[in-house]
Amino acid sequence: MKLRNINKGLVLGGVLALGVVCYSVYDNNQFKTSKPEIEQTMRDYIADLTSANVGSSDKLKSQLTDFVNKHYTDYTTSDNEYASSKSGLLEEINQAEVAKQGGDITSAEYDIKEMSINKSGADGAKVIMIYNVCYDVSKGDPTFLTTNGINTMTSGNYTNSDNYEPSKSSYKAIFSYEYAEFYLLRTSDGWKIATSSDYGYGEDYNFDDNNSDSVADESKAESEIVPDSSAEKSDSEEADSVE
């Protein structure tokens, strides 16, 4: 009698273990099929983030608010205390003095260099990106939105030119993000960003109006120029690497 009970227990344990393995394989396969959608979500995110920063300061706050509402989902729990959430970004945008800034971003170019996508939890994904953005600035030091919140340009700290006048001089602002981290969730409206953050970035300013190379280089994976809040992809766009 005891032997029978033991055998039943072993059989039941084996069935449960097999069920767990089968579900894990199925879940991983399902996630693999979601990778192209996640990749496109992130491409659209960077394109829209870049274009949302372009335009006159009186429209900037509404553009940035629309961007966050489109790409982020409500999320209150995070192990990363430095990550930005939807509510946090909206609060920063609301408090930012974007309407009083001394200049505008007139156009922009972005370059996605690398992207890795990995499963995180039952319905989540973790994305790591390396990308550059080059903004054309009319004058002054405008505020702009990043994956980590509102930031302000500091062009005056990057030039020794006697001809540079913050209130008059136009320039290019180049930002190199070497490690941007995103946590995404699958929602009824598709994949949305729960939290985003970046861990340091390179900051440079070019005051030579004749230099148009900006963030482009020989290893460029994707390039797009965004004039006046529009974003149309170039014909020469190449795919980023997705692990």
Side-chain angles (χ1 to χ4, degrees), residues 22-54 62-93 108 110-133 144-150 175 177-199 201 221-224 226 229-234 237-243:
C22 290
Y23 175 79
S24 178
V25 171
Y26 170 80
D27 193 38
N28 286 329
N29 288 336
Q30 287 293 101
F31 180 76
K32 287 180 180 179
T33 64
S34 297
K35 276 192 171 184
E37 181 184 354
I38 297 171
E39 179 187 354
Q40 188 59 51
T41 296
M42 295 311 304
R43 290 180 180 274
D44 293 342
Y45 171 90
I46 296 298
D48 289 349
L49 173 61
T50 304
S51 61
N53 284 315
V54 177
S62 62
Q63 290 177 189
L64 297 180
T65 299
D66 291 343
F67 163 79
V68 172
N69 285 327
K70 175 182 177 181
H71 286 279
Y72 285 78
T73 187
D74 294 321
Y75 188 70
T76 56
T77 304
S78 175
D79 294 332
N80 184 356
E81 61 179 317
Y82 301 105
S84 296
S85 63
K86 179 179 181 179
S87 59
L89 289 173
L90 290 175
E91 183 177 357
E92 282 194 50
I93 293 168
Y110 69 85
D111 176 6
I112 299 176
K113 294 182 173 298
E114 293 184 20
M115 183 191 310
S116 67
I117 301 172
N118 293 286
K119 183 175 172 55
S120 180
D123 289 305
K126 181 180 179 181
V127 177
I128 304 297
M129 294 183 66
I130 299 174
Y131 69 99
N132 293 350
V133 181
F144 62 107
L145 183 65
T146 73
T147 59
N148 230 27
I150 291 290
F175 298 91
Y177 299 92
E178 297 299 326
Y179 190 95
E181 181 179 278
F182 305 85
Y183 177 56
L184 284 74
L185 293 174
R186 190 200 308 270
T187 71
S188 58
D189 295 324
W191 289 89
K192 301 288 184 180
I193 295 173
T195 61
S196 60
S197 56
D198 61 72
Y199 297 91
Y201 58 87
E222 177 179 359
S223 176
E224 180 167 339
V226 184
S229 303
S230 67
E232 297 179 359
K233 291 187 177 180
S234 67
E237 176 182 312
E238 300 175 6
D240 298 326
S241 62
V242 179
E243 299 175 1

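Note that CE of Met42 and CD1 of Ile128 are 9.5 Å apart. Values are rounded to the nearest 0.5 Å. Taken to the nearest 0.5 Å, the OH atom of Tyr75 stands 11.0 Å off from the CG atom of Leu184. For the atom pair Thr50 OG1 and Asp111 CG, the distance stands at 10.5 Å (nearest 0.5 Å). A distance of 12.5 Å separates CG of Asp189 from NZ of Lys70, quoted to the nearest 0.5 Å. Atom-to-atom distance recorded for Ile117:CD1 and Ile38:CD1 is 5.5 Å, nearest 0.5 angstrom.
Applying the side-chain hydrogen bond (donor to acceptor under 3.5 Å, both in side chains) criterion to Tyr45, with sequence neighbours excluded, gives Tyr72. By the side chain to side chain contact (heavy atoms under 4.5 Å, CB included) test, Asn69 is found to be paired with Thr65, Lys86, Leu90, residues two or more places apart in sequence or in another chain being considered. In this structure, Asn148 has no side-chain hydrogen bond (donor to acceptor under 3.5 Å, both in side chains) partners at least two apart in sequence or on a different chain. Ser85 is linked by a side-chain hydrogen bond (donor to acceptor under 3.5 Å, both in side chains) to Ser87, counting only residues two or more places apart in sequence or in another chain. Tyr177 meets the side-chain hydrogen bond (donor to acceptor under 3.5 Å, both in side chains) test with no other residue; sequence neighbours excluded. With sequence neighbours excluded, no residue satisfies salt bridge (Lys or Arg N to Asp or Glu O under 4.0 Å) with Asp66. Among residues two or more places apart in sequence or in another chain, the side chain to side chain contact (heavy atoms under 4.5 Å, CB included) test is passed with Ile130 by Lys113, Glu114, Glu178.
Looking at Ser196, its side chain does come within 3.5 Å of a backbone N or O of Thr147 through a donor-acceptor pair. Proximity of a side-chain donor or acceptor of Glu92 to a complementary backbone N or O of Ile150 within less than 3.5 Å is detected.
Residues Lys32 and Lys119 fail the side-chain proximity criterion, which asks for heavy atoms closer than 4.5 Å. Counting heavy atoms from C-beta on, the side chains of Tyr131 and Ile46 come closer than 4.5 Å. Looking only at side-chain heavy atoms (C-beta outward), Thr73 and Trp191 stay at 4.5 Å or farther from each other. Two residues are said to be in side-chain contact when any heavy atoms from C-beta on lie closer than 4.5 Å; Tyr82 and Ser197 fail this criterion. In this structure, Phe175 and Asn132 have side chains that are not in contact, with every pair of non-hydrogen atoms separated by 4.5 Å or more. Between Val68 and Leu145, some side-chain heavy-atom pair lies under the 4.5 Å cut-off. In this structure the side chain of Val127 never reaches within 4.5 angstrom of the side chain of Thr41, judged on heavy atoms.
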>> Working note: Phe182 + Lys126, criterion side chain to side chain contact (heavy atoms under 4.5 Å, CB included); need CA distance, chi angles, decisive distance, verdict.
In response: CA-CA 6 Å; Phe182 305 85; Lys126 181 180 179 181; over 6 Å; no

Please evaluate residues Tyr183 and Ile193 with respect to the criterion side chain to side chain contact (heavy atoms under 4.5 Å, CB included), reporting the C-alpha separation (whole Å), side-chain torsions for both, the decisive distance (0.1 Å), and the verdict. CA-CA 6 Å; Tyr183 177 56; Ile193 295 173; over 6 Å; no

Check against side chain to side chain contact (heavy atoms under 4.5 Å, CB included), Asp198 and Glu181: CA-CA 6 Å; Asp198 61 72; Glu181 181 179 278; over 6 Å; no

Side chain to side chain contact (heavy atoms under 4.5 Å, CB included) between His71 and Leu49, worked out:
CA-CA 9 Å; His71 286 279; Leu49 173 61; over 6 Å; no

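Ion pairing between Glu39 and Lys35 fails under the 4.0 Å rule for side-chain N and carboxylate O.
Across all non-hydrogen atoms, the minimal contact from Leu64 to Ala52 is CD2-O, 3.6 Å. Taking both residues in full, the closest heavy atoms of Gly190 and Thr187 are given as O-OG1, 2.6 Å, listed atom of the first, atom of the second, then distance.
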